[in-house]
Amino acid sequence: MSAEQIWTRTGLTWASVCSFFSLTHAGMVGYPESLTDPSYRGQILVLTYPLIGNYGVPSATEVDANGLPHFFESDRVHVAALVVGTYGTDYSHWRAVQSLGAWLKASNVPAIHGVDTRALTKRLRTNGVMLGKIVLKADPTTGDLPFEDPNVRNLVAEGAVHCRTTA
Amino acid sequence: MASTAAAAVPTAATAAAAPGSTAVVSDLDHVDEIMNRGEPAELVLDDGSRFDGWSFGALRPVTGEAVFQTGAWHACTSLFPSKNVA
């Protein structure tokens, strides 16, 4: 790895001039709960914990006495995308039924690993939350995607449950 | 100084390199295989900063609002709290 690549990965070579409102969340939950939390609707979630995915994903069909999922905050993944430092593919947990990657793929949610989430978080903390996008280097046209502010959409309607679950 | 010391110690990588090879060998070159990396991808922020990485999950571009979460329970999982005990 060249010094240039390291500089690129830490994002230190780009000037920042933006100032947006701030949003942080020091939630004491795991990634299955965070990804299914409707409050993250439309957001690209950056997890600062350095190793993500090592305990896989538990069953979505196990429900409690109220018929609600045991291990999730809702019935589906709500984040727009996930950003992690190191993704652990070799998961191990007695309640795991699939990998984090397989779950995200089935949910049609993209994710990116190998990111310097510490530098990224410091940038978001300093400059405030800002719009972002995940692009694929193999398809340069994806770099032309315009930034879209999810907060102009009706996120409540998108994240809401659409069928009655009580009698 | 570091490069001189490294050159003096034969490693598996340098031993395998063909004589006269100009390939650059570093300790990090094997990380790709270990990490089973996916398609190269990039997180681009509205201020122009870019963060390199590799794709996993769904292979598609997406836009949104970047936020962070610093909870450390991702390490030991929250599958064990009392509410989840049957």
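Lettering follows sequence order; numbering is per chain, from 1. Values in this document were obtained by computation on a predicted structure and should not be read as measured data.
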Where the side chain of B:Ser55 meets the backbone of A:Ile112, is there a donor-acceptor pair that is under 3.5 Å apart? no
May I ask you to name which of A:Thr117, A:Val46, A:Val83, A:Leu104 has the most heavy-atom pairs under 4.5 Å with chain B? A:Val46
In terms of hydrophobic clustering (I, L, V, M, F, W, Y; side-chain heavy atoms under 4.5 Å; direct or indirect links), are A:Phe72 and A:Val63 co-clustered? no
Using a 4.5 angstrom heavy-atom cutoff, name the option from A:Ala65, A:Ser99, A:Gly101 with the most pairs to chain B. A:Gly101
Before you tell me yes or no, could you show the steps for A:Tyr40 and B:Val67 under side-chain contact (heavy atoms from CB on, under 4.5 Å), namely the whole-Å CA-CA distance, both residues' side-chain angles and the distance that decides it to 0.1 Å? CA-CA 9 Å; A:Tyr40 283 121; B:Val67 301; 4.1 Å; yes
Please say whether more than 12 non-hydrogen atoms of neighbouring residues, nucleotides or ligands are located less than 6.0 Å from NZ in A:Lys105. no
Nearest 0.5 angstrom please: A:Ile44 CD1 to B:Glu65 CD, how far? 9.0 Å
Where is the tightest heavy-atom contact between B:Gly64 and A:Pro150, given as atom of each residue plus distance? C-CD, 4.2 Å
Pairwise distance CG(A:Asp139) to CZ(B:Arg60) - rounded to 0.5 angstrom: 13.5 Å
Per-residue contact mode, A:Pro146 against chain B (heavy atom under 4.5 angstrom): backbone
Taking atom CG of B:Asp46 and atom NZ of A:Lys133, what is their separation to the nearest 0.5 Å? 9.0 Å
Taking all non-hydrogen atoms of both residues into account, name the closest pair between A:His113 and B:Gly38 and its distance. NE2-N, 4.1 Å
Candidate pair B:Leu45 and A:Leu124, rule side-chain contact (heavy atoms from CB on, under 4.5 Å), full reasoning: CA-CA 10 Å; B:Leu45 296 183; A:Leu124 291 175; 4.2 Å; yes
Verify same cluster id: A:Val97, A:Val77 (apolar side-chain graph, 4.5 Å): no
Report the relative orientation of the aromatic rings in B:Phe56 and A:Tyr87; use parallel for angles under 30°, tilted for 30 to 60°, perpendicular for over 60°. parallel
Do the side chains of A:Tyr31 and A:Leu51 join up, straight or via other hydrophobic residues, at under 4.5 Å, putting them in one cluster? yes
Looking at residues at least two apart in the chain, or sitting in another chain, which of them share a side-chain hydrogen bond (donor to acceptor under 3.5 Å, both in side chains) with A:Ser107? none
Under 4.5 Å to a heavy atom of chain B? For A:Val79 that would be neither
Would you say that more than 12 heavy atoms from the other residues, nucleotides or ligands in this model lie under 6.0 Å from the CG of A:Asn154, or not? yes
Mind checking the CH2-NZ spacing from B:Trp54 to A:Lys137? Nearest 0.5 Å is all I need. 8.5 Å
Heavy-atom nearest pair, B:Phe51 first then A:Leu120, reads CE1-CD1, 3.5 Å
What one should report as the nearest heavy-atom pair of A:Val115 and B:Gly53 is CG2-CA, 4.3 Å
Are A:Tyr55 and A:Tyr91 connected, step by step, through hydrophobic side chains (Ile, Leu, Val, Met, Phe, Trp, Tyr) whose heavy atoms are closer than 4.5 Å? no
Is there a path of hydrophobic side-chain contacts, each under 4.5 Å between heavy atoms of I/L/V/M/F/W/Y residues, joining A:Val84 to A:Leu136? no
Indicate yes or no: at least one non-hydrogen side-chain atom of B:Val62 is less than 4.5 angstrom from one of A:Val109. no
Using the salt bridge (charged side-chain N to carboxylate O under 4.0 Å, His left out) rule, collect all pairs that involve residues 146-162 of chain A, keeping only residues at least two apart or in two chains. A:Arg41-A:Glu158, A:Arg153-A:Glu158
